[in-house]
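Note that ligands are numbered from 1 as they come in the structure, with each ligand's atoms numbered from 1 the same way.
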Amino acid sequence: MTDIDQIKQKVDIVSLISEYVTLKKTGANFKGLCPFHNEKTPSFVVSQERQIWHCFGGCQDGGDVFKFLMRIENIEFSEALQILAKKAGITLTSFQPSQTTQIREKIFEINRLASEFYNYILTSHPLGQTAREYFANRKIDSNSITLFSLGYAPNSWDSLIKFMAKKKFTAFDLETAGLVSKSGIGHYYDRFRGRVMFTLKDHHGNVVGFAGRVLDPEAKEAKYVNTAETPVYIKGNVLYGLDVTKDDIKKEGYAVVVEGEVDAIRSYQAGVRNIVAIKGSALTAGHVSLLKRY
Ligand code: ZN
């Protein structure tokens with residue numbers, strides 16, 4: 001049996017699509033509002049028996065689990081294959097990821113390690129003291145620090161570069177991930193220095209980038225610095241907190257959108273959990289279509 005057949009056998013199309021569309025059982029099939037065009041009467045049909053979906057409305061399109069995931073996440077086949085293999089608990093045997101996928105996976109890994117590094121400095125290192133006081137003053141508790149992967153980037157030119165070298169990643173790799181910058185004479189240095197760090201994740205929980213807020217009120221640098229746009233980070237497509245709050249948004253049927261990271265975290269702590277932040281940027285069509293899924 002091929003990897004693809006195994007995945008199709010293990011991933012149930014109804015539960016996969018239910019993560020995005022509210023489906024109702026009608027006879028032998030399931031029905032819901034098509035996520036790919038605007039409609040008021042459901043014409044999107046899923047057959048559990050045949051493990052396929054079809055839109056009988058505006059799209060007149062359909063397919064299997066792969067095609068659905070590719071369309072709704074706007075990803076290529078190899079990426080859908082990896083996501084579904086993970087879901088099915090299958091190790092892909094005859095699979096060569098495309099170059100784009102390899103680069104994306106590498107950036108996710110670098111970002112994940114960087115997030116752990118910043119979180120360690122904040123929670124367990126003497127250099128994190130001022131940042132710990134900052135979060136305590138903003139009334140952000142230790143649960144939230146873990147849940148939202150908060151951190152602190154030490155005020156140094158190369159602490160991240162040195163840490164990542166031990167993990168076998170070069171400064172050039174870090175530049176691809178948007179975590180270091182290059183000086184006029186070609187020296188690499190940490191992009192985030194002396195900043196409290198907010199980890200930005202996509203709705204799958206992949207770390208796509210960071211927002212760093214300067215701690216020193218007298219500092220001349222910009223108050224906020226974000227990761228530069230990279231192959232995995234497009235500013236208008238990321239909603240802060242969505243990876244944590246998506247189930248609460250689905251449960252409530254709506255989302256509260258706030259401006260800043262701290263607003264979202266404080267709201268979550270206070271029990272209003274169907275919350276996301278747009279991080280001070282404008283609300284984009286990308287944000288809205290992402291929210292619409294839930
Ligand atoms: Zn449709």
**Message:** Once side-chain hydrogen bond (donor to acceptor under 3.5 Å, both in side chains) is applied, do any residues pair with Glu229, and if so which ones, sequence neighbours excluded?
**Reply:** none

**Message:** Looking only at the aromatic ring of each residue, does the gap between the centers of Phe68 and Tyr20 stay below 6.0 angstrom?
**Reply:** yes

**Request:** Might you confirm whether atom CG of Asn38 has over 12 heavy atoms from other residues, nucleotides or ligands at distances under 6.0 Å?
**Result:** no

**Message:** At a cut-off of 2.8 Å, what protein N/O/S atoms sit near the Zn ion (ligand 1)?
**Reply:** Cys34 SG, His37 ND1, Cys55 SG, Cys59 SG

**Fill in**
Applying side chain to side chain contact (heavy atoms under 4.5 Å, CB included) to His187 and not counting sequence neighbours gives Ser183, Ile185

**Prompt:** Does the side chain of Asn29 pick up a donor-acceptor pair with the side chain of Glu49 at under 3.5 Å?
**Reply:** no

**Message:** Holding to salt bridge (charged side-chain N to carboxylate O under 4.0 Å, His left out), I want the full list of residues that pass it with Asp173, two or more places apart in sequence or in another chain.
**Reply:** Lys106

